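Here the structure is a predicted model, which is why all the values come from computation and not from measurement. A, B, ... follow the sequence lines: proteins, then strands. Residue 1 opens every chain.
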There are 2 protein chains.
Amino acid sequence: MAETPDRRTVILDKAAGLFASKGIAATTVREIAEAVGILSGSLYHHFTSKDDMVDAIVRTYLDDLVSVYTEIVAQESDPRKQLTALVHGSLSVIEAHPHATEIYQNSGNYLSSLVGYEHIKINAAKVQKTWLDVIGNGVVTGVFRDDIPPRVLYRLIRDALWLSVRWFKPTHQYSMKKFADDLVSTFLDGIVPR
Amino acid sequence: MAETPDRRTVILDKAAGLFASKGIAATTVREIAEAVGILSGSLYHHFTSKDDMVDAIVRTYLDDLVSVYTEIVAQESDPRKQLTALVHGSLSVIEAHPHATEIYQNSGNYLSSLVGYEHIKINAAKVQKTWLDVIGNGVVTGVFRDDIPPRVLYRLIRDALWLSVRWFKPTHQYSMKKFADDLVSTFLDGIVPR
DNA sequence: TGTTACCGAACAAGCGCTTGCTACATCGAG
DNA sequence: CTCGATGTAGCAAGCGCTTGTTCGGTAACA
């Protein structure tokens with residue numbers, strides 16, 4: 001166990017918080033340094049550039065997400081249960097990396113200009129494929145409706161799910177798990193009472 | 001009919017396109033000027049600042065949105081039909097102001113630092129209240145389920161609806177109207193066949 | 001002759017990043 | 001145990017560049 005958390009980790013934490021709340025371009029390296037308690041030049045002992053920090057944040061986040069998704073599709077085969085697990089799994093990743101999630105959802109156009117963008121694109125494609133496979137499988141087996149294109153269903157769920165990081169904060173009365181159940185139920189059963 | 005479209009309008013159009021695709025902070029006034037075919041300094045004959053352009057773009061957009069919503073709730077009383085009309089109305093506003101929509105959805109943290117932010121906040125509150133009233137009314141009258149908080153339902157629909165500006169482009173086979181119907185149907189009836 | 005639209009050139013501020021240097025901890029050789 | 005060598009972390013200063021913005025001049029037009 002590290003008694004003192006790694007300096008590099010602290011910097012990434014502070015940077016992620018700033019990137020998430022102000023945007024990447026609007027956050028200066030001087031602000032990041034001040035949040036950590038050092039001067040801006042000293043940041044470059046730990047990272048080669050500002051974009052290097054961004055890359056490290058997003059990379060960790062996406063790797064975690066992909067590994068969670070991989071395990072879900074390996075352990076479950078029923079599309080309905082898979083979809084439920086994907087929602088719960090995604091929200092647990094949001095809880096683990098709230099700042100990174102927000103950065104990834106908000107700053108897509110900045111990320112696409114990064115040097116390490118290939119790695120991001122590959123993982124993003126994996127994530128999308130997972131959802132499309134699960135939904136497509138559900139349509140084929142008849143547990144999901146077939147009159148709406150799977151890619152449309154995916155996008156609706158995807159956006160509603162991931163943008164919750166912008167507004168949803170769990171409370172005693174309304175936990176993250178309850179929210180996940182409600183989200184799943186809304187999409188599976190609809191708003192109109194059955 | 002204006003034979004030559006207003007210079008100011010042309011500038012706002014080009015600026016909105018750049019803001020939407022690259023982000024506001026990442027777009028320079030020199031880029032905007034070059035897109036119009038003038039020098040950066042000449043922009044300041046038409047606008048007092050870069051933020052002034054942003055404000056004009058978002059202001060027009062939100063005013064249009066609020067007026068569309070106002071007419072909908074005035075002409076329709078059934079919550080289910082109101083919700084359907086809100087979705088269709090929103091998507092027509094997206095078609096009319098695609099760039100402004102994207103700016104508003106993506107650059108919230110930049111907008112919140114604007115001087116004219118009060119006007120934005122007021123209209124944003126009006127929009128939210130419209131949705132919450134419609135959903136809340138549906139819950140009270142029993143046409144919408146009551147086991148999920150209305151503000152959660154609102155957010156799920158809102159995010160799925162407005163983020164479609166990022167990915168949905170109507171085609172011959174799949175029109176905007178069809179997409180609107182599918183989105184309404186997904187939320188009202190759910191993904192599982194009834 | 002005034003007004004409108006724009007040019008051309010510049011300005012101050014702020015940006016990411018680099019550099020030369022110091023203080024301190026660690027550690028193997030004597 | 002001691003002591004020089006080495007690596008780590010940070011400071012202080014500033015460089016080159018880009019940014020939004022300003023301003024005097026000018027050409028076309030009414």
If only side-chain N and O atoms of His45(B) are considered, is one of them under 4.0 Å from the OP1 or OP2 phosphate oxygen of dC7(C)? no
Hey, does the side chain of Arg7(A) come within less than 4.0 Å of dT8(D)'s phosphate (OP1/OP2), counting only N and O? no
In whole angstroms, how far is the [atom2] atom of [N] from the [atom1] atom of [X]?
| X | N | atom1 | atom2 | value |
| --- | --- | --- | --- | --- |
| Phe47(B) | dC6(C) | CZ | C1' | 15 Å |
| Ile11(A) | dG10(D) | CD1 | C1' | 11 Å |
| Leu39(A) | dG14(D) | CG | C1' | 13 Å |
| Asp6(A) | dT8(D) | CG | P | 13 Å |
| Met53(B) | dT19(D) | CE | C1' | 13 Å |
| Glu31(A) | dG14(C) | CD | P | 12 Å |
| Lys22(A) | dG14(C) | NZ | C1' | 13 Å |
| Glu34(A) | dC15(C) | CD | P | 12 Å |

Can you pull out every salt bridge (charged side-chain N to carboxylate O under 4.0 Å, His left out) where at least one residue sits in residues 166-177 of chain A? Sequence neighbours excluded, please. Lys177(A)-Asp181(A)
Report the hydrophobic cluster partners of Ile122(B), with the cluster defined as I, L, V, M, F, W, Y residues connected by side-chain heavy atoms closer than 4.5 angstrom, directly or transitively. none
Extract from the structure each pairing of a protein N or O with an N or O of nucleotides 16-19 of chain C at less than 3.5 Å, listing the distance.
unit_1, atom_1, unit_2, atom_2, d
dG16(C), OP1, Thr27(A), O, 3.4
dG16(C), OP1, Lys50(A), NZ, 3.1
dG16(C), OP2, Val29(A), N, 3.0
dG16(C), N7, Arg30(A), NH1, 3.1
dG16(C), O6, Arg30(A), NH2, 3.1
dC17(C), OP2, Tyr44(A), OH, 2.6
dC17(C), OP2, Lys50(A), N, 2.8
dC17(C), O5', Tyr44(A), OH, 3.4
dC17(C), N4, Ser40(A), OG, 3.3

When you check the side-chain N and O atoms of Trp162(A) and Tyr104(A), is any donor under 3.5 Å from an acceptor? no
Backbone of Lys81(A) reached by a side-chain donor or acceptor of Glu76(A) within 3.5 Å: no
Residues that Tyr174(B) engages under ring pair (Phe, Tyr, Trp, His ring centres under 6.0 Å), provided they are two or more places apart: Phe168(B)
Would you kindly compare Ile38(B) and Ala26(A) by the position of their nearest DNA chain C nucleotide and give the one closer to the 5′ end? Ile38(B)
Here the ring pair (Phe, Tyr, Trp, His ring centres under 6.0 Å) pairs for residues 8-52 of chain B, sequence neighbours left out, are none
Asp133(A) meets the salt bridge (charged side-chain N to carboxylate O under 4.0 Å, His left out) criterion, sequence neighbours left out, with Lys129(A)
